[in-house]
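Accompanying notes for the structure given below.
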Amino acid sequence: MSDPSRDIRVGDAERQQALQVLGEHMSAGRIDITEYGDRSAKITTAKTRGDLMALFHDLPDPRPQFATPMALFPEPSRAPSRRWEGAVIPVVGVAVVIAFFVLVKNPLIFLLIPAVALLWGQWNGRRR
């Protein structure tokens, strides 16, 4: 079974690091200038981690180091869900309207409903 992380695409930073590591191998005398030129050309066109690592298969450490996939794509935070808040205003609004119809005989009291709704929205907006 092949390593799925080998199929992760690389960017310029990974290619730059691979060129630096390859330069260290040339400075240590493990590869000559011609081989350095051939491998560095392949590094600049590498698409995946596997492409880069194949260029270092016969060389000892150091090798290019990659960030783990989890570091590239951090897990979303586990903040408490506030989905229920969207249902509070309609439920409270309906309850208030029913209470006014049942308990109050004066229709002018219904002018308070928009005021209460505006105040609720202002209070709720400040909490976020």
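None of these values were measured; they are calculated from a predicted model.
The side chain to side chain contact (heavy atoms under 4.5 Å, CB included) test with Pro64 singles out one residue from Arg15, Glu14, Met53, and that residue is Met53.
Using modelled atom types, no side-chain atom of Arg30 and backbone atom of His25 make a donor-acceptor pair closer than 3.5 Å.
At least one side-chain heavy atom of Ile31 sits under 4.5 Å from a side-chain heavy atom of Leu59. Under the 4.5 Å side-chain criterion, counting only non-hydrogen atoms from C-beta, Phe66 is not in contact with Ile8. No side-chain heavy atom of Arg6 sits less than 4.5 Å from a side-chain heavy atom of Thr48.
The two residues Asp51 and Leu55 have their closest heavy-atom pair at O-CG, 3.6 Å. Taking each heavy atom of Tyr36 and Leu19 in turn, the nearest pair found is OH-O, 4.1 Å. The two residues Val10 and Ala46 have their closest heavy-atom pair at CG2-O, 3.8 Å. Here the shortest heavy-atom pairing between Ser40 and Gly37 reads OG-O, 3.1 Å. Annotation for Val21 and Pro62: closest pair CG1-O, 3.2 Å, computed over non-hydrogen atoms.
Rounding to the nearest 0.5 Å places CD of Glu35 at 8.0 Å from CG of Leu22. A distance of 11.0 Å separates CE of Met26 from CD of Glu24, quoted to the nearest 0.5 Å. Atom CG of residue Asp38 and atom CD1 of residue Ile33 lie 10.5 Å apart, to the nearest 0.5 angstrom.
For Asp12, the CG atom is loosely surrounded, since the number of other residues' heavy atoms within 6.0 Å does not exceed 12.
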